[in-house]
Number of protein chains: 2
Amino acid sequence: MTKSVAASKIKLYFIRHGIAAEPENYPQDEDRPLTDKGQKKTRQVAQRLRELDLTVDLILTSPLLRAHQTALILQEMGLTPEVKLSTSLAPGGDINNWLSWLTQWRSQGGTHLGLVGHQPDLGHWAEILIWGEMRERLVLKKAGIVGLNLPHSGDPVGNSELFWLTSPKLLLGESGIK
Amino acid sequence: MTKSVAASKIKLYFIRHGIAAEPENYPQDEDRPLTDKGQKKTRQVAQRLRELDLTVDLILTSPLLRAHQTALILQEMGLTPEVKLSTSLAPGGDINNWLSWLTQWRSQGGTHLGLVGHQPDLGHWAEILIWGEMRERLVLKKAGIVGLNLPHSGDPVGNSELFWLTSPKLLLGESGIK
């Protein structure tokens, strides 16, 4: 007899951090903040996501400053009630770490999740979820978005659907980015 | 000595036809027209594409009425100066047929191309260009859009990048679709 596990469909959004300060003035990569333009554009993206009625239960973010700031802007604009830091989302993080966490999280009823992180990791992870392997064929700009449907049950690796991929420019139009 | 071939980067947009009349009243599938809602939503998508400054040199469309009407709306809204019919884009069409045509077309200097067609073909073709095989993992809604960067030269199969995938809803917001 197999144990019955309550399963829910998960919508997973990857959001790449906004434009950050150049490395020259920041000896520690994790200290690089969003630039003024990066903050402004991230705010415009967040505003547009609100117009599209897009909200999530939780945003999990890389602890690096540029990602954390991006997540806080999304929270401030009403896209999520809660932001948590996860070292699994730092550059070079292992998808299996946060997927284990996600399995736990979904068992508690979570259905809409945002992850704020970095390239090339977000692109790799999206490809692994969709096709089971990474090929570096997704163009994910800063403050760009990936939308994935994870299956109701079973392994999401190689079994998830891509329903959205957009740059800020194609989300907002040139007029939105000044 | 290899022959030098002038090559250009190609932006390729797949646009799925808009919402069409149900089959009941149309014994011939190719005669199904866009519904009023399908025309309206396609027009709204076209309007948004104009706001995003998106234009193409040519739209190649499936000859089926619902696709041809979609292409003509895009033309009417100023997205392309020219619409051509291609039986290669009809349901079940072979990607190699229109890829051969595209090779010829790009040699004449074309860089931005729109293809209007059907599911599941458009999704399959996008996956073949990006990953070299189809897995049915892309969600392409009616009047939805796929944006691909084809490489400067060489075989685009398995070597193209995905830079955009959107439904009309995520392009326009709910308020745009009434």
Side-chain angles (χ1 to χ4, degrees), chain A residues 9 11-16 45 47-55 119-120 122-124 126-142 144-151 155-177, chain B residues 9 11-16 45 47-55 119-120 122-124 126-142 144-151 155-177:
Chain A
K9 199 168 176 182
K11 281 205 185 286
L12 182 58
Y13 297 90
F14 290 169
I15 302 143
R16 187 177 172 196
V45 166
Q47 176 60 36
R48 182 65 184 153
L49 296 180
R50 284 294 296 167
E51 289 165 11
L52 294 172
D53 271 337
L54 191 149
T55 57
Q119 275 295 71
L122 292 178
H124 290 169
E127 291 184 314
I128 288 168
L129 290 171
I130 303 165
W131 285 276
E133 56 185 315
M134 55 187 171
R135 303 261 186 104
E136 302 210 329
R137 293 284 189 275
L138 299 183
V139 181
L140 183 58
K141 302 282 188 183
K142 293 191 178 80
I145 299 164
V146 171
L148 298 164
N149 289 324
L150 271 55
D155 192 353
V157 170
N159 294 308
S160 299
E161 288 178 336
L162 181 70
F163 68 87
W164 202 19
L165 171 65
T166 188
S167 64
K169 188 174 159 185
L170 288 169
L171 187 66
L172 302 170
E174 280 292 357
S175 60
I177 304 169
Chain B
K9 199 168 177 183
K11 282 206 185 283
L12 182 57
Y13 297 90
F14 290 169
I15 303 144
R16 188 178 172 196
V45 165
Q47 176 61 36
R48 182 65 184 155
L49 296 180
R50 284 295 297 167
E51 289 165 13
L52 295 172
D53 272 336
L54 193 149
T55 56
Q119 276 294 72
L122 292 177
H124 290 170
E127 290 184 312
I128 288 169
L129 290 171
I130 304 165
W131 282 275
E133 56 185 315
M134 55 187 173
R135 303 264 188 99
E136 304 209 330
R137 292 285 187 276
L138 301 182
V139 180
L140 183 58
K141 301 280 188 183
K142 292 190 179 79
I145 298 164
V146 170
L148 298 165
N149 288 325
L150 271 54
D155 191 354
V157 170
N159 294 308
S160 300
E161 288 177 337
L162 182 70
F163 67 89
W164 202 19
L165 172 64
T166 189
S167 64
K169 186 174 160 185
L170 289 168
L171 187 68
L172 302 169
E174 280 292 358
S175 60
I177 303 169

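Lettering follows sequence order; numbering is per chain, from 1. Keep in mind that the numbers below use all heavy atoms, side chains included, and drop hydrogens, waters and symmetry copies. Please read all numbers here as calculations on a predicted model, not as lab measurements.
Contacts with chain A were tallied for B/Leu170, B/Leu54, B/Asn159; B/Leu170 has the most, counting heavy-atom pairs under 4.5 Å. Ranking A/Glu136, A/Arg48, A/Lys141 against chain B, the residue ahead of the rest is A/Arg48, based on heavy-atom pairs under 4.5 Å. The candidate with the highest count of non-hydrogen atom pairs below 4.5 Å against chain B, out of A/Val146, A/Leu171, A/Leu165, is A/Leu165.
Remark: B/Ser160 pairs with B/Leu129, B/Leu150, B/Pro151, B/Pro156 by the side-chain contact (heavy atoms from CB on, under 4.5 Å) rule, at least two apart or across chains. Under the rule for a side-chain contact (heavy atoms from CB on, under 4.5 Å), the partners of B/Lys11 that lie at least two apart in sequence or sit in another chain are B/Tyr13, B/His112, B/Asn149, B/Phe163.
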Next item on the list: Dump the intermediate steps for salt bridge (charged side-chain N to carboxylate O under 4.0 Å, His left out) on A/Arg135 and B/Glu133, then the final yes or no.
Entry: CA-CA 12 Å; A/Arg135 303 261 186 104; B/Glu133 56 185 315; 3.5 Å; yes

Item checked: Steps toward side-chain contact (heavy atoms from CB on, under 4.5 Å) verdict (A/Val139, B/Leu162) -> CA-CA 6 Å; A/Val139 181; B/Leu162 182 70; over 6 Å; no

